[in-house]
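Heads up: the structure comes next, in structure tokens.
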There are 2 protein chains.
Amino acid sequence: MNDSPRWLDEKESRAWRGYQALRRDLDSTLERRLSRDSGLSAADYQLLVVLSETEGQRLRARELRNEVRWDRSRLAHQVRRMEQRGLLLRTECETDARGTMVELTPEGRRAIEDAAPLHLVAVRNYFIDLLTPEELDVLAAIAERVRAKVGDEGCDE
Amino acid sequence: MNDSPRWLDEKESRAWRGYQALRRDLDSTLERRLSRDSGLSAADYQLLVVLSETEGQRLRARELRNEVRWDRSRLAHQVRRMEQRGLLLRTECETDARGTMVELTPEGRRAIEDAAPLHLVAVRNYFIDLLTPEELDVLAAIAERVRAKVGDEGCDE
DNA sequence: GGATGAAGGCTGACGTGTCAACAACGCGCT
DNA sequence: AGCGCGTTGTTGACACGTCAGCCTTCATCC
């Protein structure tokens, strides 16, 4: 029971505060642009990308969840909202009566095809093109290591 | 009007996907731990930290907003909820009748003092201690550069 | 076949974040 | 004083995310 743990030193603090600021500013900028340019949220975009890259433009909800790593509830809410907007639709799964198939509508396909190039430009402009090749590698390595650490503890489903 | 922009190559894609996964997994892990350990959300924590580091444990809402870089509405909602929980309270500003002072309650002070050491351990365990000194520097540099880029365009207030 | 438990998915409640509209105040001007 | 305008903060509506609880269906075992 030691109530004075090891605090962050100068270098550590810069990195930690930097990460937090990066997360806040970059994500909000990209989401705002995506919303203005294409009327899509980041969550919309993510589902549309996965479905549009899938053979047949349809996936079982369970598979879709594995792709984006959401929980059941979040996907159910998001799919319901997107179905109401006409971006996708739900049908029954033929092989398992518990399952639900999620399918891209032509409208959803058009939405992602319009949005993707614009979003890519924004990602480059505000992030990727600002980094050197070495920095790209470091970032990927960091992400991999951290995910391995949090993965073997918070491993739910 | 070129609809086939420059896509991300292998290295860029690893970095970009890595960042997105990092953001998702690290943040959700830290927030979940904070909530379980201390009953605080990330937003709660942020406000409590700023107030607890302030002389007199109180700040004008405008200053508090500048510290955490939120917009008016978000702060107003968050403060209202935290006031209902007894973590802080609002009083009138003596020098400007438009203003609102936000003040830490003893309960709020106790909450942040209990939470901070636990949160620090989690930040080290899941993130900072996993990085080499060089990686800390690279991360800080990346964050600085990206923020400079998004800052001079999305500069609202 | 019937019971039991796991898996898949849905819903409602609540906290959170964003946007637009609004009210109240300060400040400068005439 | 009165007007105009920017600043400050609040509110309501809605989208988003998490949690707990629920129902249906599948798989297993008796």
Side-chain angles (χ1 to χ4, degrees), chain A residues 23-25 27-36 38-48 59-85 87-102 154 156-157, chain B residues 23-25 27-36 38-47 59-85 87-103 154 156-157:
Chain A
R23 173 203 192 290
R24 183 190 57 213
D25 294 349
D27 293 355
S28 69
T29 297
L30 290 179
E31 285 196 35
R32 202 178 315 261
R33 275 191 81 90
L34 185 60
S35 173
R36 289 211 199 294
S38 315
L40 298 176
S41 69
D44 296 334
Y45 189 84
Q46 217 177 333
L47 289 195
L48 292 178
L59 266 182
R60 185 166 169 179
R62 169 164 42 93
E63 307 302 327
L64 190 49
R65 274 179 29 223
N66 286 340
E67 291 294 326
V68 296
R69 309 203 130 256
W70 292 354
D71 68 358
R72 305 173 191 288
S73 165
R74 182 175 174 187
L75 183 65
H77 285 305
Q78 184 68 31
V79 167
R80 173 179 45 75
R81 288 188 298 255
M82 291 176 73
E83 188 175 29
Q84 287 172 349
R85 290 193 286 151
L87 295 173
L88 41 79
L89 52 85
R90 280 180 291 193
T91 55
E92 293 172 0
C93 177
E94 297 88 356
T95 67
D96 186 340
R98 292 171 301 182
T100 301
M101 301 299 297
V102 181
D156 36 5
E157 49 186 335
Chain B
R23 174 204 191 290
R24 183 190 58 213
D25 294 349
D27 293 355
S28 69
T29 298
L30 289 179
E31 286 195 34
R32 202 178 314 261
R33 274 192 80 92
L34 185 60
S35 173
R36 289 211 201 293
S38 315
L40 298 176
S41 69
D44 296 334
Y45 188 85
Q46 218 176 333
L47 289 195
L59 267 181
R60 185 166 171 182
R62 169 164 41 91
E63 307 300 328
L64 190 48
R65 275 181 27 222
N66 286 340
E67 292 293 328
V68 296
R69 309 201 128 259
W70 293 354
D71 68 356
R72 305 173 191 291
S73 165
R74 182 177 175 186
L75 183 64
H77 284 305
Q78 184 68 32
V79 167
R80 174 179 44 75
R81 288 187 298 254
M82 291 175 73
E83 188 176 30
Q84 287 171 348
R85 290 194 286 150
L87 295 172
L88 42 79
L89 51 86
R90 281 180 291 191
T91 56
E92 292 172 1
C93 176
E94 298 88 356
T95 66
D96 186 339
R98 292 171 301 181
T100 299
M101 301 297 298
V102 181
E103 184 174 348
D156 36 4
E157 45 186 335

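Residue numbers start from 1 in every chain, and the chains themselves are labelled A, B, ... in the order their sequence lines are given, proteins ahead of strands.
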Where along residues 87-95 of chain A does a heavy atom come under 4.0 Å from DNA chain D, residue by residue in number order?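 Those residues whose heavy atoms fall under 4.0 Å from DNA chain D, taken from residues 87-95 of chain A, amount to none.
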
Taking [atom1] from [X] and [atom2] from [N], how many angstroms apart are they, rounded to a whole number?
X: B/Arg74; N: D/dG17; atom1: CZ; atom2: C1'; result: 14 Å
X: A/Arg72; N: C/dG9; atom1: CZ; atom2: C1'; result: 7 Å
X: B/Gln78; N: C/dT16; atom1: CD; atom2: P; result: 5 Å

State whether [X] places a side-chain N or O below 4.0 Å from either non-bridging phosphate oxygen (OP1 or OP2) of [N].
X: B/Ser41; N: C/dT16; value: yes
X: B/Arg98; N: C/dC27; value: no
X: B/Arg81; N: C/dT16; value: yes
X: A/Arg32; N: C/dC19; value: yes
X: A/Thr100; N: C/dC10; value: yes
X: B/Arg60; N: D/dG9; value: yes

If you measure from CD on A/Glu83 to CZ on A/Arg90, what distance do you get to the nearest 0.5 Å?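 With rounding to 0.5 Å, CD (A/Glu83) is 4.5 Å from CZ (A/Arg90).
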
Can you sort out the partners of B/Ser28 under side chain to side chain contact (heavy atoms under 4.5 Å, CB included), two or more places apart, ordered by chain and number?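 Testing B/Ser28 for side chain to side chain contact (heavy atoms under 4.5 Å, CB included), a comparison that skips the adjacent residues, returns B/Arg32.
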
Test of understanding: with side chain to side chain contact (heavy atoms under 4.5 Å, CB included), list the residues that count as partners of A/Ser41, not counting sequence neighbours.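 Residues passing side chain to side chain contact (heavy atoms under 4.5 Å, CB included) with A/Ser41: A/Ala43, A/Asp44, A/Gln78.
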
Look at atom CD of B/Gln84 and say whether more than 12 heavy atoms of other residues, nucleotides or ligands are closer to it than 6.0 Å.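 Yes, the 6.0 Å shell around CD holds more than 12 heavy atoms from other groups.
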
Residue met sooner reading DNA chain C from 5', once A/Ala76 and A/Arg36 are mapped to nucleotides: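 On the 5' side of the pair lies A/Ala76.
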
What's the closest nucleotide to the A/Arg62 side chain, out of C/dG9, C/dG12, C/dG26?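 Of the options given, the side chain of A/Arg62 lies nearest C/dG9.
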
